[in-house]
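Right, one structure below, let's go through it.
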Amino acid sequence: MNSKDFTAGLAELRGLRDEIKTLRKQLAKLEAARDKRITALAAYEKAKAERIAPAAGLSLADIVAIAPELAPDHLTDSPPQAPPATTAPVPEAVETESAPAAGPTAENAGAQAPAMTAQKQQTPARPSDPEPTTPTAPATAPPGPAEPRSLPSIPDGPQGDRWFTHTANLASTRPNFTQQARSTVFLDTTTGDLVYRDKTLRLELTTASAADILTTVFHTIPEGVERIYITAGDPWHRHADHYPYLKDAVAAWLNAPTPGWRTDTGRGRDRMAGHFVHPRNPVARYQREGGEQHVEIRSVGEWFDTSGTGPAVVRDAFVLLWKTLRSHWPDAVVMGSPSQTGRDLWSRTIPIRGQFADGYPVLSEELRGLFHATAGQGRTELITPPDVPEQLPALVEYDRTFAYAKHTWKSPVGTPRRVTAATFASWSEKERTKALFGCGHWHVRVTVPEGWDHVGILPAPAPGERAWHYPKTPGTTFTTWAGGPELYTALTNPITSWRIEILDGLLFEDGKPLDDWARKLKDCWARLAAQAAMHGDADQRTAAHLASRAVRAILLYGIGSFAQRPRMVTGTTPRHLERDVPADAEIIGFDEQIITWQRPTGFTRDPYAHPEWAASIWSAARAALLTQRDRDTGTFAGALHAPPGTTVAFRTDALYLTQPQNWPHHGQPGDYLLKGHLDGPLPAPTSEEELLTLRDQGRHALTPTHTPEGA
């Protein structure tokens, strides 16, 4: 680009700016007219918000905000059940890149915990009780300052004690059936290359719509298939420029007409049904009209980044993955998603004798709700000037190899014991240290010590549904929940001890429910990583590398699936049946024929719901980003072992610094791998986008002669 092109580009940009400004004015007028019409309709004595919401393309809460008199009586009651035919459970996979282990890290064993104090807690609301819903301020009211959300706590007395139990007749048990494999093909919608078994065919796709894909694939393979993996092309993004958000484009692609097919409603043991609307990795599920044929269209991006790899090599990666898993699980089946596969493989490691031969019981709904509200996932934090220099001398990326596999050696099991402030205060120092080194989840009041000049250690709730930040200003006091690993780090870190007041806590027995499963997956990962490094054929090296990444995804998302967040279902309703849209649903898109909506359904009776396992692993992983000891050399690594002011960012299992560190890497889970190094001076990133841009430049600049398998 030269100066002339740049000037012309600025002129075009100004034109777009003016056009956007004009359109916004027009949109504001239309919204004002809509709100006025809603207010007029609300005057009708039989008007109901659930009738007006789909007609306006708004949620029930939006309608009530505009016309408070329409607030329905059931807002403070139990939410109505979703219509069974139109809802689609969200697959359990998508948990972000994080997962956890139990108890403080083994490397810290033997250190003495400084004295701690205990404080009696205040009586809180149960996390499982819905908050009363009241009409919100009109949309025209100026927004107030964002306030940190309040975390729930355990009620005092017998009411809280009743939480400490398990859900009746609900436990994770070993399956007594053999999982059935599904006939699968791999399709590149850009080139039309289709790989079926050991054959590569060429399809002539005209539009790459779901109907086009189904028609062409089933014409080419008359015997039919049950799963179509899209390896490249992202057909659901073909018309993304026609929609304001990617999710809208995906929903339109999923809900477009498919002659001869209808949305699947589920079958057999696999009850997943309906489409899953996800901006990058959606799932389309169809059933042939008048027949028993079922098929799903999925993205390989759920498993790994193909980076231009052809569908034949992608298929080889799945075959290699299946064969490697079979060395430990003779009946292993690669299911649709990593989380489904991980959970199925784990269930086949449940012991057939011993304490948990009858399965691992599921916690009460109250305790599951407490974990959901108080146990964060991976640490994601960008530290900006003046806490780091305006101009960074360098940006160095360290990524923890297969990080979460390191933290599965110990996990909480059994019925937790409640440890009140008074109980904790009555214990000896030895008993307190043992408790914090065990598998627990603690309600604490924290004070950052005077003179502290490093990064924060413990998460505190920030504005936003699941947002966390890490206070580090000396003298700051906050109340939060944290796992034993992080509390132990706060008390025994190499700089100075933080003040921790125990308000309440859950203390479990130490167990190994995930150890056998994780050990087998780590062996599969190591073998595939070795093949990726040494195989003589380039395609087979790529296939082995992708298979090793798939094993990582199985463990990562398998752990995430234990968290069992409250489910969100998506559904579609024809425009002429708009009154059938659930009253508590949020309208997320609509066109001339279809209304697309979503609604929360709370916790289900999932026998594999173990948020205590996920929470303990996440806590241990966050603690290891701050400090961990190398068993072979005895050296320490982590942010707290870098000089103050040199930590730029945390990103789940990665750490970004302004200086390189001499941290050992043996290629083992949890080791810090030098993954990128960009020399400065360069401006400190102030947004995630800027950080990722610098990260990619640093990875490209490093160009090591040999890069071990990353985390």
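On a predicted model such as this, the values are computed, not experimentally measured, just so you know. Residue numbers count from 1 along this sequence.
Scanning both residues, H610 and P607, for their nearest heavy atoms gives NE2-O, 4.0 Å. Residues P257 and A211 share a closest heavy-atom pair of O-CB, 3.6 Å. The two atoms that bring E226 and A181 nearest to each other are OE1-O, 4.2 Å, heavy atoms only. Here the closest non-hydrogen pair linking A529 and S548 is N-CB, 4.1 Å. The two atoms that bring F371 and A615 nearest to each other are CD2-CB, 3.7 Å, heavy atoms only. Residues A544 and A532 approach most closely at CB-N, 3.6 Å, considering heavy atoms.
In this structure, the side chain of Q179 does not engage the main chain of F177 through any donor-acceptor pair within 3.5 Å. Between the W517 side chain and the G342 main chain, a donor and an acceptor come within less than 3.5 Å of each other. In this structure, the side chain of H237 engages the main chain of P279 through a donor-acceptor pair within 3.5 Å. Put simply, the side chain of W346 gets close to the backbone of P513: a donor and an acceptor are under 3.5 Å apart. Looking at T306, its side chain never comes within 3.5 Å of a backbone N or O of T309 through a donor-acceptor pair. Judged purely by atom type and a 3.5 angstrom limit, S347 has no side-chain atom pairing as donor or acceptor with the backbone of L345. A donor-acceptor pair under 3.5 Å is absent between the side-chain atoms of D193 and the main chain of R202, judged by distance alone. No donor-acceptor distance shorter than 3.5 angstrom exists from the side chain of S327 to the backbone of K323, with no hydrogens or angles considered. Side chain of D212 to main chain of T206: a donor-acceptor pair is present (N/O by atom type, distance under 3.5 Å, no hydrogens or angles). Under a 3.5 Å cut-off, the side chain of K247 and the backbone N or O of H278 do not form any donor-acceptor pair.
Between W613 and Y360, the distance separating the two ring centers is shorter than 6.0 angstrom. The ring of W261 has its center closer than 6.0 angstrom to the ring center of F218.
For residues 182-208, the ring pair (Phe, Tyr, Trp, His ring centres under 6.0 Å) pairs, not counting sequence neighbours, are F186-Y229, F186-F318.
Applying the salt bridge (charged side-chain N to carboxylate O under 4.0 Å, His left out) test to D696 and every residue at least two apart in sequence or in another chain returns nothing. Among residues two or more places apart in sequence or in another chain, the salt bridge (charged side-chain N to carboxylate O under 4.0 Å, His left out) test is passed with K520 by D516.
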| said: Assess the residue pair R285 and D264 against the criterion (salt bridge (Lys or Arg N to Asp or Glu O under 4.0 Å)); give the C-alpha distance rounded to whole Å, side-chain angles, the decisive distance to 0.1 Å, and a yes or no. | reply: CA-CA 5 Å; R285 299 184 178 94; D264 201 347; over 6 Å; no
| task | Give the C-alpha distance, both sets of side-chain angles, the deciding distance and a yes or no for salt bridge (Lys or Arg N to Asp or Glu O under 4.0 Å) between R343 and D606. | result | CA-CA 12 Å; R343 198 164 66 173; D606 183 352; 3.1 Å; yes
| query | Checking side chain to side chain contact (heavy atoms under 4.5 Å, CB included) for the pair D234/W236: CA distance, chi angles, key distance, verdict? | reply | CA-CA 5 Å; D234 295 342; W236 36 81; 3.9 Å; yes
| Derivation of the side chain to side chain contact (heavy atoms under 4.5 Å, CB included) call for L254 and V277 | CA-CA 8 Å; L254 292 171; V277 182; 3.8 Å; yes
| message | With side chain to side chain contact (heavy atoms under 4.5 Å, CB included) as the criterion, how do R651 and R695 come out once you've worked through the C-alpha distance, each side chain's angles and the decisive distance to 0.1 Å? | response | CA-CA 11 Å; R651 192 168 170 79; R695 178 201 68 180; 4.2 Å; yes
| Criterion side chain to side chain contact (heavy atoms under 4.5 Å, CB included) on D344 and R348, from CA distance to verdict | CA-CA 7 Å; D344 180 69; R348 298 173 193 280; 3.2 Å; yes
| said: Walk me through whether Y286 and H275 qualify under ring-ring contact (aromatic ring centres under 6.0 Å, His included). | reply: CA-CA 8 Å; Y286 301 99; H275 305 315; 4.9 Å; yes
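I297 pairs in a side chain to side chain contact (heavy atoms under 4.5 Å, CB included) with only one of the listed residues (V283, V217, I213, L187), which is I213. Each of L514, T408, L555, T324 was evaluated against L521; a single residue qualifies, L555, per the side chain to side chain contact (heavy atoms under 4.5 Å, CB included) test.
The 12-atom threshold is exceeded at CG of D537, counting heavy atoms of other residues, nucleotides or ligands nearer than 6.0 Å. For H535, the NE2 atom sits in a packed shell: over 12 heavy atoms of surrounding residues, nucleotides or ligands are nearer than 6.0 Å. Shown here is E223, whose CD atom has more than 12 heavy atoms of other residues, nucleotides or ligands within 6.0 Å. Atom CZ of R326 is surrounded by more than 12 heavy atoms from other residues, nucleotides or ligands within 6.0 Å.
With 3.5 Å as the limit, one finds a donor-acceptor pair spanning the side chains of T167 and R368.
The distance from atom CG of L320 to atom CZ of R527, rounded to the nearest 0.5 Å, is 9.5 Å.
Considering only heavy atoms from C-beta on, I38 comes within 4.5 Å of R34 through its side chain. The closest side-chain heavy-atom distance from D653 to D399 is below 4.5 Å. Between I554 and L325 the shortest side-chain heavy-atom distance falls below 4.5 Å. Counting heavy atoms from C-beta on, the side chains of T189 and R238 come closer than 4.5 Å.
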